[in-house]
Asks: 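Before I ask anything, here is the structure I am working with.
As the structure is a prediction and not an experimental result, all values here were calculated from the model.
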Amino acid sequence: MGLISFILHIDDHLVNIVNQFGNYTYLILFAIIFIETGLVIFPFLPGDSLIFAASAMAANTKYGLDIWLVYLAVVIAAILGDSANYEVGAWSTRAGSKHAWFNKLINEKNRYAAENFFERHGSITIVIGRFIPFIRTFVPFISGGSKMHYGHFITYNILGGILWTGLFSIIGYFFGNLPIVKTHFSLIVIAIILVSVVPIAIVALKKKMTLKKGFH
């Protein structure tokens with residue numbers, strides 16, 4: 001319940017963080033985005049809504065946040081996080097059964113969903129996956145595990161990081177302070193999550209329909 005409350009009311013929590021930590025807020029934003037994208041065992045952190053809320057606060061002068069510093073913090077964190085996750089995936093493949101304990105920490109259902117999405121869409125998944133909760137945490141891990149060349153991976157990583165953080169920064173900055181958005185922020189967060197998971201739901205539905213046809 002604590003995590004769900006944090007996600008749904010992240011705007012209130014972020015206000016407390018800004019009031020308490022001031023300019024260190026940028027480091028906190030960096031850390032949360034880096035952990036979500038870089039550590040495969042933490043896919044549940046609220047990346048989308050965090051960027052949205054921070055950008056909305058940057059548009060309000062009373063909070064003292066600079067939108068460019070907010071964007072710089074989250075985009076660098078997103079790119080470095082995916083790169084770290086890629087290395088973890090590569091290490092996991094190299095280590096094999098010697099570190100079986102590590103694989104037990106990973107949500108297998110989300111991992112398989114990301115693998116299926118990756119197999120269906122190829123390298124562009126590194127970009128598309130940025131916009132889908134859970135999937136974005138597992139895609140770089142799978143990329144490293146599949147021994148994709150890092151030079152190929154980093155190109156899509158940078159593109160995806162710029163687009164993902166840029167989109168939610170722009171939306172948050174220009175629309176986050178509208179009265180209707182501020183009043184119904186929790187519903188907006190839920191809507192962001194639901195819209196984000198639509199692509200993976202469509203892929204799963206198509207796969208299920210294909211399997212059913214195969215049995216007839």
Side-chain angles (χ1 to χ4, degrees), residues 3 6-88 125-141 143 153-178 181-182 185 188-193 195-197:
L3 178 62
F6 179 77
I7 293 172
L8 294 180
H9 304 287
I10 197 169
D11 54 333
D12 295 329
H13 292 292
L14 198 54
V15 169
N16 293 332
I17 289 172
V18 170
N19 290 335
Q20 186 172 353
F21 296 101
N23 287 334
Y24 288 105
T25 300
Y26 301 113
L27 292 178
I28 295 172
L29 293 174
F30 176 93
I32 294 175
I33 297 299
F34 179 84
I35 291 171
E36 186 206 5
T37 58
L39 301 182
V40 72
I41 59 175
F42 290 103
F44 43 79
L45 293 176
D48 299 330
S49 52
L50 178 67
I51 298 171
F52 178 87
S55 299
M57 289 179 64
N60 192 327
T61 54
K62 75 176 184 179
Y63 296 114
L65 288 180
D66 184 289
I67 184 59
W68 290 109
L69 291 179
V70 168
Y71 178 68
L72 196 62
V74 296
V75 71
I76 292 175
I79 293 170
L80 292 181
D82 262 28
S83 293
N85 209 342
Y86 171 95
E87 294 298 337
V88 172
T125 301
I126 299 168
V127 177
I128 300 173
R130 285 284 195 182
F131 298 87
I132 309 173
F134 296 97
I135 296 296
R136 68 168 155 262
T137 304
F138 285 90
V139 165
F141 178 83
S143 299
F153 168 80
I154 192 63
T155 301
Y156 289 94
N157 176 17
I158 293 173
L159 177 61
I162 291 172
L163 292 177
W164 175 53
T165 56
L167 176 65
F168 283 98
S169 294
I170 291 171
I171 293 175
Y173 187 80
F174 289 105
F175 300 102
N177 287 300
L178 294 178
V181 174
K182 295 176 73 173
F185 188 84
I188 297 296
V189 170
I190 293 173
I192 289 172
I193 295 172
V195 170
S196 298
V197 300

Asks: Any donor and acceptor pair, going by atom type alone, linking the side chain of N19 with main-chain N or O of V15 inside 3.5 Å?
Replies: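 Yes, N19 side chain to V15 backbone: donor-acceptor pair under 3.5 Å.
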
Asks: To the nearest 0.5 Å, what is the distance between CD1 (I154) and CD1 (I79)?
Replies: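 Going from the CD1 atom of I154 to the CD1 atom of I79 covers 7.0 Å.
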
Asks: Checking D82 side chain against P140 main chain: does a donor-acceptor pair fall under 3.5 Å?
Replies: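 Looks like no, no N/O pair under 3.5 Å.
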
Asks: Looking only at heavy atoms, which two atoms of F34 and A84 are closest? And how far apart?
Replies: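 Shortest heavy-atom separation between F34 and A84 comes out as CZ-CB, 4.0 Å.
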
Asks: Determine all donor-acceptor pairs shorter than 3.5 Å in which one atom belongs to a side chain in residues 166-176; sequence neighbours excluded.
Replies:
{"residue": "S169", "atom": "OG", "partner": "T165", "partner atom": "O", "Å": "2.6"}

Asks: With sequence neighbours excluded, give me every ring pair (Phe, Tyr, Trp, His ring centres under 6.0 Å) pair touching residues 59-85.
Replies: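 The answer is none; no pair qualifies.
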
Asks: Mind listing the side-chain donor-acceptor pairs of residues 24-33 below 3.5 Å, one per line with the distance, residues two or more places apart or on another chain?
Replies:
{"residue": "T25", "atom": "OG1", "partner": "G22", "partner atom": "O", "Å": "2.6"}
{"residue": "Y26", "atom": "OH", "partner": "D66", "partner atom": "N", "Å": "2.8"}

Asks: Using the test ring-ring contact (aromatic ring centres under 6.0 Å, His included), find all partners of Y156 that sit at least two apart in sequence or belong to another chain.
Replies: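 Partners of Y156 by the ring-ring contact (aromatic ring centres under 6.0 Å, His included) criterion, ordered by chain and then number, come out as H152.
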
Asks: Could you work out, with side chain to side chain donor-acceptor pair (under 3.5 Å) as the rule, every residue matching N157, not counting sequence neighbours?
Replies: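 Partners of N157 under the side chain to side chain donor-acceptor pair (under 3.5 Å) test: S83, R130.
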
Asks: Search all heavy atoms of S55 against all heavy atoms of V70 and return the closest pair with its distance.
Replies: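 Of all heavy-atom pairs spanning S55 and V70, the closest is OG-CG1, 4.2 Å.
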
Asks: Indicate the atoms forming the closest heavy-atom contact of A53 with L14, along with that distance.
Replies: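 Scanning both residues completely, I find the closest heavy atoms to be C-CD2, 3.8 Å.
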
Asks: Donor-acceptor pair, distance only, cut-off 3.5 Å: does the side chain of N85 make one with the backbone of T137?
Replies: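 Answer holds: yes.
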
Asks: Mind checking whether D48 and W164 have side chains closer than 4.5 Å, heavy atoms only?
Replies: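 In contact.
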
Asks: Nearest 0.5 Å, what's the OG1-CZ distance between T37 and R136?
Replies: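 So the OG1 of T37 and the CZ of R136 are separated by 8.5 Å.
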
Asks: Kindly indicate whether the side chain of L163, heavy atoms from C-beta on, has any atom under 4.5 Å from the side chain of F131.
Replies: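 L163 vs F131: side chains touch.
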
